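Note that the structure is a prediction, hence the values are computed from the model and not measured.
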Amino acid sequence: MSIRESLAKDIVTTLKEIEDPKPILVTREPFDVEKLAITQFPSILVQTGDEEKETVTMGMSNAGIRTGQITYNLRCFVRGNELDTKRNSLIESIEEILDTDRYRGYTDFTVLDSQITQIEVIERLQPLAEFNMTFVVEYKHVRGAN
């Protein structure tokens, strides 16, 4: 499995472990938020985004170390009353749980760091509130391995 796929699965698994407020729907499959039942909120859509790569060292037979920065886009929705409070609570919970392991389970120094780099509030009409979070994972690998 590629590191891109492994990291995406780890992010989904980690977000499902949030206790308060517990996200009901955490998926990588796009959905129409307008068609979700009230009982499916909060909901989070995780999508792999852009990636930047750089060669750090050259080696024989095209081997060498490369670094990459993968962006994961977290599209998050809450519903009901006190939307600003619900949105802020979910933002804090996501940040806290993703910060518990900034190496995403890799103990071999493959993942160098991971962090939320941007939070964008999307204007919506009540009873929905939406925000997007940008989560960036910096990693290294041997050329040709990923």
**Q** Report the residues that fulfil side-chain hydrogen bond (donor to acceptor under 3.5 Å, both in side chains) with Ser93, sequence neighbours left out, ordered by chain and then residue number.
**A**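 Checked Ser93 against side-chain hydrogen bond (donor to acceptor under 3.5 Å, both in side chains); zero matches.
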**Q** Heavy atoms, side chains only, cut-off 4.5 Å: are Val137 and Ile3 in contact?
**A**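 Answer no - side chains too far apart.
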**Q** I want to check something: taking the side chain as every heavy atom from C-beta on, are Leu15 and Phe135 in contact at a cut-off of under 4.5 Å?
**A**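 Side-chain contact under 4.5 Å: no.
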**Q** Enumerate the residue pairs fulfilling salt bridge (charged side-chain N to carboxylate O under 4.0 Å, His left out) with a member in residues 37-47, sequence neighbours excluded, ordered by first and then second residue.
**A**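 As it turns out, there is no salt bridge (charged side-chain N to carboxylate O under 4.0 Å, His left out) pair with a partner in residues 37-47 once direct neighbours are skipped.
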**Q** For Ile116 and Met133, work out which heavy atoms get closest and say how close.
**A**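 Nearest pair, atom of Ile116 first, then Met133: CD1-CE, 3.8 Å.
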**Q** Which residues pass the side-chain hydrogen bond (donor to acceptor under 3.5 Å, both in side chains) test with Asp113, not counting sequence neighbours?
**A**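 Asp113: side-chain hydrogen bond (donor to acceptor under 3.5 Å, both in side chains) contacts with Arg102, Gln115.
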**Q** How long is the gap from CG on Asn132 to CD1 on Ile122, to the nearest 0.5 Å?
**A**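 The CD1 atom of Ile122 is 4.5 Å from CG of Asn132, to the nearest 0.5 Å.
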**Q** Find out whether Ile24 and Thr39 are in side-chain contact, i.e. whether some heavy atom of one side chain is under 4.5 Å from a heavy atom of the other.
**A**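 No - every pair of side-chain heavy atoms lies 4.5 Å or more apart.
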**Q** Partners of Ser6 by side-chain hydrogen bond (donor to acceptor under 3.5 Å, both in side chains), sequence neighbours excluded?
**A**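 Scan of Ser6 (side-chain hydrogen bond (donor to acceptor under 3.5 Å, both in side chains), adjacent residues dropped) gives Tyr106.
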**Q** Applying salt bridge (charged side-chain N to carboxylate O under 4.0 Å, His left out) as the test, list every pair that has at least one member in residues 27-38; sequence neighbours left out.
**A**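 The answer is Glu5-Arg28, Glu34-Arg124.
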**Q** Would you say CD of Glu52 has more than 12 non-hydrogen atoms from neighbouring residues, nucleotides or ligands within 6.0 angstrom?
**A**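 Incorrect, the count does not exceed 12.
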**Q** Between Lys86 and Gly80, which heavy-atom pair has the shortest distance, and what is it?
**A**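 Minimum heavy-atom contact is NZ-CA, 3.7 Å.
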**Q** Taking side-chain hydrogen bond (donor to acceptor under 3.5 Å, both in side chains) as the test, write out the residues that go with Asp108, two or more places apart.
**A**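 Once residues adjacent in sequence are excluded, the partners of Asp108 under the side-chain hydrogen bond (donor to acceptor under 3.5 Å, both in side chains) criterion are Thr110.
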**Q** Which other residues belong to the hydrophobic cluster containing Leu128, where Ile, Leu, Val, Met, Phe, Trp and Tyr are joined when side-chain heavy atoms lie under 4.5 Å apart, directly or via other members?
**A**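 Result for Leu128 is Leu25, Phe31, Val33, Leu36, Phe41, Leu45, Phe77.
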**Q** So which heavy atom on Arg4 is nearest to which on Gly49, and how close?
**A**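 Result for this residue pair: NH2-O, 3.5 Å.
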**Q** Sort and list the pairs that fulfil side-chain hydrogen bond (donor to acceptor under 3.5 Å, both in side chains) and have at least one residue in residues 67-82, not counting sequence neighbours.
**A**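 Every side-chain hydrogen bond (donor to acceptor under 3.5 Å, both in side chains) pair that includes a residue of residues 67-82, provided the two are not neighbours, is Arg75-Glu130.
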**Q** Using a 4.5 Å cut-off on heavy atoms from C-beta on, say whether the side chain of Leu7 contacts that of Val111.
**A**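 They are in contact (side-chain heavy atoms under 4.5 Å apart), so the answer is yes.
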**Q** Do Ile18 and Val26 make a side-chain contact, defined as non-hydrogen atoms from C-beta onward lying under 4.5 Å apart?
**A**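 Not touching, per the 4.5 Å side-chain cut-off.
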**Q** Kindly check if the number of other-residue, nucleotide or ligand heavy atoms within 6.0 Å of CG (Asp50) is above 12?
**A**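 12 or below, so no.
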**Q** Establish whether Tyr139 and Val136 are linked, either directly or via other cluster members, by ILVMFWY side-chain heavy-atom contacts under 4.5 Å.
**A**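 Cluster IDs for Tyr139 and Val136 differ.
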**Q** Would you mind reporting whether Ile119 and Glu95 have side-chain heavy atoms less than 4.5 Å apart?
**A**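 Yes, their side chains come closer than 4.5 Å.
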**Q** Taking only residues two or more places apart in sequence, or in another chain, which ones meet Gln118 in a side-chain contact (heavy atoms from CB on, under 4.5 Å)?
**A**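 Gln118: side-chain contact (heavy atoms from CB on, under 4.5 Å) contacts with Thr134.
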**Q** Please, which pairs that meet salt bridge (charged side-chain N to carboxylate O under 4.0 Å, His left out) have at least one residue in residues 14-23, sequence neighbours excluded?
**A**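 Checked against salt bridge (charged side-chain N to carboxylate O under 4.0 Å, His left out) - neighbours excluded - no pair reaches residues 14-23.
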**Q** Same cluster for Ile11 and Leu112 if Ile/Leu/Val/Met/Phe/Trp/Tyr side chains link at under 4.5 Å?
**A**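 Unlinked, Ile11 and Leu112 end up in two clusters.
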**Q** Could you walk me through whether Asp10 and Asp101 pass side chain to side chain contact (heavy atoms under 4.5 Å, CB included), step by step?
**A** CA-CA 11 Å; Asp10 173 73; Asp101 180 7; 5.8 Å; no
**Q** State, to 0.1 Å, how close Thr14 and Ile97 come at their nearest heavy-atom pair, and which atoms those are.
**A**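 The answer is O-CD1, 3.4 Å.
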**Q** Give me the atom names and distance for the closest heavy-atom approach of Gly68 to Glu51.
**A**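 Taking every non-hydrogen atom into account, CA-OE2, 4.5 Å.
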**Q** Remaining members of Phe109's ILVMFWY cluster at a side-chain heavy-atom cut-off under 4.5 Å?
**A**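 Reading the cluster by chain and number, Phe109 sits alone, since nothing else belongs.
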**Q** Rounded to the nearest 0.5 Å, how far apart are CG of Leu90 and OG1 of Thr85?
**A**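 Those atoms lie 12.5 Å apart.
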